[in-house]
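These notes concern the structure reproduced below.
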Amino acid sequence: MPKIMGNSLSEHRERTRHALFDALSELLSQRPFDKITLSDVAARAGVGRTAVYNHFTDKEDLLLAFMEHETGRYAKELTRILAEVADPIDRLRIYVRQQALLKRHYHFPATGPLARSVSHDTAGRLHAHAGHMTRMLTQILTDAMDAEAIPRQDPALLIPLIHACILGGRPTPTEPHARAAYLQSLDVFVLRAVGAPTPSHAVPAVPPTHSTESASRSVRAAG
């Protein structure tokens, strides 16, 4: 009989789901999604392969559940952080920095190798998950324009350019001094791009949370 993780069946199910999510995250940091099997995930999570089917119908169902879990958690944490900042330009700077710290490539890309390795329906749902960040950035930019902190412009055209600056190119450095220099340069570049003056003050540092670290691990191989 399989060992129960937790004090109840519901706690066991929740812990099993999290173990499978962590296993998928680790595997995605090592290889492309299409090279991962459910057997790989089960083995990494320390559960039987058949146990996976008690939670997910197939590998894509697991991927979508994982993305929904991580995207929702990350968005909630970022929303909490931004709610404590009144200045819309500082909110934009925090958004850019947190996305850069998260990236390794992108939170949950709606296009690119990961999207191309899943079905059309799943790719569409990946796009819907990516919409969380788009809506958040739209509000930040709209607030900045309403406050006349940046020129009036179309967020739908601006957002892909901002995300290209954050998510394109090399990964965000992990060495502290190199990372600080990179984030400073990115900060200045994005502010110039949207027409904002470069502030003389720094925005408060926000330490990476578990969900930031987990989501970052999950996308290293996505691109």
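Worth knowing before you read on, the calculation uses all heavy atoms, side chains too, and leaves out hydrogens, waters and symmetry mates.
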State whether the number of non-hydrogen atoms from other residues, nucleotides or ligands found under 6.0 Å of Glu175 atom CD is greater than 12.
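Result for CD/Glu175: enclosed.
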Are there over 12 heavy-atom neighbours, none belonging to His177, within less than 6.0 Å of that residue's NE2?
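Open.
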Minimum heavy-atom distance between [X] and [Y], given as atom pair plus value:
| X | Y | value |
| --- | --- | --- |
| Ala42 | Leu20 | CA-CD2, 4.5 Å |
| Cys165 | Leu186 | O-CD1, 3.7 Å |
| Ala45 | Ala19 | CB-O, 3.6 Å |
| Pro197 | Ala149 | CD-O, 4.2 Å |
| Ile150 | Ala196 | CG2-CB, 3.7 Å |
| Met145 | Pro151 | CG-O, 3.5 Å |

So, are Arg91 and Asp143 salt-bridged, with charged N and O less than 4.0 Å apart?
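Yes, Arg91 and Asp143 are salt-bridged.
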Would a single hydrophobic cluster contain both Phe189 and Val203, if residues Ile, Leu, Val, Met, Phe, Trp and Tyr are joined by side-chain heavy-atom contacts under 4.5 Å?
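No; Phe189 is not reachable from Val203 via cluster members.
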Applying the 4.5 Å side-chain criterion to the ILVMFWY set and letting contacts propagate, would Tyr53 and Ile36 be lumped into a single cluster?
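In one cluster: yes.
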Within the distance-only criterion (no hydrogens, no angle test), does the side chain of [X] pair as donor or acceptor with the backbone N or O of [Y] below 3.5 angstrom?
| X | Y | value |
| --- | --- | --- |
| Glu26 | Arg44 | no |
| Ser25 | Phe21 | no |
| Thr172 | Ala100 | yes |
| Lys59 | Phe33 | yes |

Quick one: do Ile89 and Val194 satisfy side chain to side chain contact (heavy atoms under 4.5 Å, CB included)? Show the steps, please.
CA-CA 10 Å; Ile89 297 302; Val194 301; 5.6 Å; no
Output the distance between atom [atom1] ([X]) and atom [atom2] ([Y]), rounded to the nearest 0.5 Å.
| X | Y | atom1 | atom2 | result |
| --- | --- | --- | --- | --- |
| Arg135 | Ile140 | CZ | CD1 | 13.5 Å |
| His69 | Leu24 | NE2 | CG | 11.5 Å |
| Thr50 | Leu38 | OG1 | CG | 11.5 Å |
| Phe56 | Leu62 | CZ | CG | 5.0 Å |
| Met133 | His163 | CE | NE2 | 8.0 Å |
| Phe66 | His18 | CZ | NE2 | 10.5 Å |

Partner of Asp187 under side-chain contact (heavy atoms from CB on, under 4.5 Å), picked from Leu191, Leu183, Val190, is Leu191
Side-chain donor-acceptor pair present, [X], [Y], cut-off under 3.5 Å:
| X | Y | value |
| --- | --- | --- |
| Gln184 | Arg179 | no |
| Thr37 | Asp40 | yes |
| Asp61 | His55 | no |

As a quick check of understanding, evaluate side chain to side chain contact (heavy atoms under 4.5 Å, CB included) for Gln99 and Leu137, giving each step before the final call.
CA-CA 11 Å; Gln99 289 288 86; Leu137 184 51; over 6 Å; no
Please test Arg17 against Asp22 for salt bridge (charged side-chain N to carboxylate O under 4.0 Å, His left out), starting from the C-alpha separation and ending with a verdict.
CA-CA 9 Å; Arg17 285 174 65 89; Asp22 287 345; over 6 Å; no
Report the C-alpha distance between Val47 and Val41 in whole Å, list the side-chain angles of each, state the deciding distance to 0.1 Å, and finish with yes or no for side chain to side chain contact (heavy atoms under 4.5 Å, CB included).
CA-CA 9 Å; Val47 301; Val41 177; over 6 Å; no
Kindly determine whether Gln30 and Lys35 satisfy side chain to side chain contact (heavy atoms under 4.5 Å, CB included), including the steps that lead there.
CA-CA 10 Å; Gln30 301 167 6; Lys35 302 298 183 183; over 6 Å; no
